[in-house]
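First the proteins, then the strands, lettered A, B, ... as listed; each starts at 1. Every heavy atom of this structure was used, including side-chain atoms; hydrogens, water molecules and symmetry mates were not.
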Amino acid sequence: MNYSEEDFKGMEKMRVEGRIWKFGDDVDTDVIIPARYLNVSAEAELAKNCFADIRPDFATDVAAGDILVAGKNFGCGSSREHAPLAIKAAGIRVIIAESFARIFYRNAFNIGLPLLESVEASQGLSDGEKAVVDLASGRIEGGGDTFQAKPIPDFMAQLIAAGGLVAYVRKVKVAG
Amino acid sequence: MPMTITEKILAAHAGLDRVSPGDLIEAKVDVALANDITAPLAIKVFNEIGTEEVFDTDRVVLVADHFVPNKDIASAQQVKLVREFARSQGLKNYFEGGESGIEHVILPEKGLVLPGQLIIGADSHTCTYGALGAFSTGVGSTDLGAVMATGEIWLKVPPTILLRYEGSLRPHVGGKDLILHTIGLLGVEGALYCAMEFSGSVIRNLPMHQRFTMSNMAIEAGGKNGIIAPDETTLAYVAGRTSARFEIFKSDPDAGYDRVIDIDVNQIEPQVAFPHLPSNVRPVSTAGGVTIDQVVIGSCTNGWLEDLRDAARVLKGRKVSAGLRLIVMPGSPLIYKMAMQEGILETFLDAGAVIGPPCCGPCLGGHMGILASGERAVATTNRNFIGRMGHPESEVYLTNPVVAAASAVLGRIGGPDEL
Ligand code: SF4
């Protein structure tokens, strides 16, 4: 498949630089966006209530380009895509964690929110610090250290490059 | 080359002779499912993709079950959007109102999900149908929108964990306790990305509704699917529900497993999952008399007719503890009706229960049974995360229906032996 420049829209922000928001292990989608806020699906509305129960300052203080760092099994629980959508719409450009729950992992790449897995970075980075992330190589700088995350798998990189699953399916399945 | 049941179903749907764990495949989907929370986003994605029609009007199933009967204007708008989409696409299987119940109860009940199928749902508990010997897994709305358009999905073939249950079940121990015990053993990410295959003589003797309960909670260990090989129990359940043809797959005896875990059920007591993780389990005898404000019996985990029968047996001739709210929600209209005909609903009412409509209700903290700060509930549901059933400072304890009923009478967590 041949990409045109248009296809790389999603990759133009290969370098992410921002403040770290740090969370622990097993952060589930119920706390990312509580069910009582799921009676709407508009992204901006969802972003307003992101982490409402466990980190009320997140939605008000997060800035575009910030970085979310978490421990193990981030995004477990319900399949609600509202969770990665809320995080993305809030301004987060990449999530770094020790591991991700399966459905969350698919959802995030499908909507063009890249994820990086690194145990060292997850443990070495602290809340409130600045970090610089190179999505293509998985290199993370922060807290006076450099970490190397697992590179994003080829197929996921294609999804991000295409601008998410919708663009990918349009290109490969529909157009043909 | 020997394969597991999961690998065989995936290979068959990808048009391949064999697949191995780690392979990325494009598979044909038999059933695509979404609900009133996930469908609106999936429909948006479907529209963005730009195909005019869904891949098959028989195979896209939409169920309004989470915030119904519509709890507020915003949810009414969401359901309206789904309803109009279903109409304009001519979907055969859109369920709302008196035709609707909890998706994972009504799909098996109506014979819409069958052994050997590949089922994709925009709901994490889509793994429930693994109990029928199908490959069934949850995805998000974007995936589902793409499936509605193309009838296909990309999947990574998971490694399989074989769980073998042997021994004799103790009184009041069933599928819910086996799966809670297993999640406690593995942890909430113990089966991450993996297929869980439930087997052994205990599973072969387990009735269908308890198999559904086990597969339902595979996701709570991080599993991609939770599958049980079809046998006579499966075929007896499916018989009369469909005229469609289906295929039976079974694991080869020498199939390759990532891990094999043997579980001796002789020692397993009824389990209680303490807040705030389903893996935080203890035997009921050590639950320490936690006092409770509410008991919820229902959900896609334990909203089956047999679950209501089990709870009603405990409640017969008894009253719920003073000041405690018991909420019973049958999983489907059919279950509701049968429970009525059997006199079970009367038993619940006499005991002091509120009986809700067949829907998700308080399970996800949606409506009809929300907890205030500091309140504690025992629930037969599947999740007890922070704020799952209401206020972030409320607590949910997960049990089987018998323990839930006994706890309602006791006003604290306890088993039926304490009554
Ligand atoms: S009953 Fe609970 S777990 Fe099951 S589908 Fe409804 S909200 Fe989800």
For a side-chain contact (heavy atoms from CB on, under 4.5 Å) check, start with the C-alpha distance between A:Asp30 and B:Ile386, then their side-chain angles and the critical distance, and finish with the verdict.
CA-CA 7 Å; A:Asp30 273 285; B:Ile386 293 171; over 6 Å; no
List the atom of [X], the atom of [Y], and the distance in Å for their closest heavy-atom pair.
{"X": "A:Ser78", "Y": "B:Ser124", "answer": "CA-OG, 3.5 Å"}
{"X": "A:Gly77", "Y": "B:Phe385", "answer": "CA-CE1, 3.7 Å"}
{"X": "A:Asn73", "Y": "B:Glu189", "answer": "CG-CB, 3.5 Å"}
{"X": "A:Ile103", "Y": "B:Gly140", "answer": "CG2-N, 3.9 Å"}

Mind running side-chain contact (heavy atoms from CB on, under 4.5 Å) on B:His276 and A:Asp28 for me, showing each step along the way?
CA-CA 10 Å; B:His276 290 286; A:Asp28 65 86; over 6 Å; no
Whatever's closer than 4.5 Å to a heavy atom in chain B on A:Phe100 counts as both
Any donor-acceptor pair under 3.5 Å from A:Arg102 side chain to B:Gly222 backbone:
no
Region of [X] in contact with chain A, defined by heavy-atom distances below 4.5 Å:
{"X": "B:Leu81", "answer": "neither"}
{"X": "B:Ile370", "answer": "neither"}
{"X": "B:Glu48", "answer": "both"}
{"X": "B:Phe67", "answer": "side chain"}
{"X": "B:Leu364", "answer": "both"}

So for atom [atom1], which belongs to [X], do other residues, nucleotides or ligands contribute more than 12 heavy atoms lying within a distance under 6.0 Å?
{"X": "A:Asp154", "atom1": "CG", "result": "no"}
{"X": "B:Glu53", "atom1": "CD", "result": "no"}
{"X": "B:Lys28", "atom1": "NZ", "result": "no"}
{"X": "B:Lys71", "atom1": "NZ", "result": "yes"}
{"X": "A:Arg55", "atom1": "CZ", "result": "yes"}

Less than 4.5 Å apart, side chain to side chain, heavy atoms only: is that true for [X] and [Y]?
{"X": "A:Asp53", "Y": "B:His391", "result": "no"}
{"X": "A:Leu165", "Y": "B:Trp154", "result": "yes"}
{"X": "A:Val31", "Y": "B:Arg388", "result": "no"}
{"X": "B:Leu192", "Y": "A:Ser99", "result": "yes"}

From the list A:Ile54, A:Asn110, A:Asn107, the residue making the most non-hydrogen contacts under 4.5 Å with chain B is A:Asn110
Pick from A:His82, A:Glu81, A:Lys72: which one has the most heavy-atom pairs with chain B under 4.5 Å?
A:Glu81
Heavy-atom pairs under 4.5 Å with chain A are the metric here; pick the option from B:Val79, B:Thr137, B:Asn382 that has the most.
B:Thr137
Most contacts with chain A, counted as non-hydrogen pairs under 4.5 angstrom, among B:Asp72, B:Asn70, B:Ile73
B:Asp72
Can you tell me how far the [atom1] atom of [X] sits from the [atom2] atom of [Y], to the nearest 0.5 Å?
{"X": "B:Thr142", "Y": "A:Leu85", "atom1": "OG1", "atom2": "CG", "answer": "6.5 Å"}
{"X": "A:Arg170", "Y": "B:Ile49", "atom1": "CZ", "atom2": "CD1", "answer": "8.5 Å"}
{"X": "A:Ser79", "Y": "B:Ile37", "atom1": "OG", "atom2": "CD1", "answer": "9.0 Å"}

Between B:Asp143 and A:Arg106, does the salt bridge (charged side-chain N to carboxylate O under 4.0 Å, His left out) criterion hold? Intermediate values first, please.
CA-CA 8 Å; B:Asp143 271 321; A:Arg106 289 184 74 101; 2.7 Å; yes
Taking a cut-off of under 4.5 angstrom between non-hydrogen atoms, the residues of residues 37-49 of chain A near chain B are A:Leu38, A:Asn39, A:Val40, A:Ser41, A:Glu43
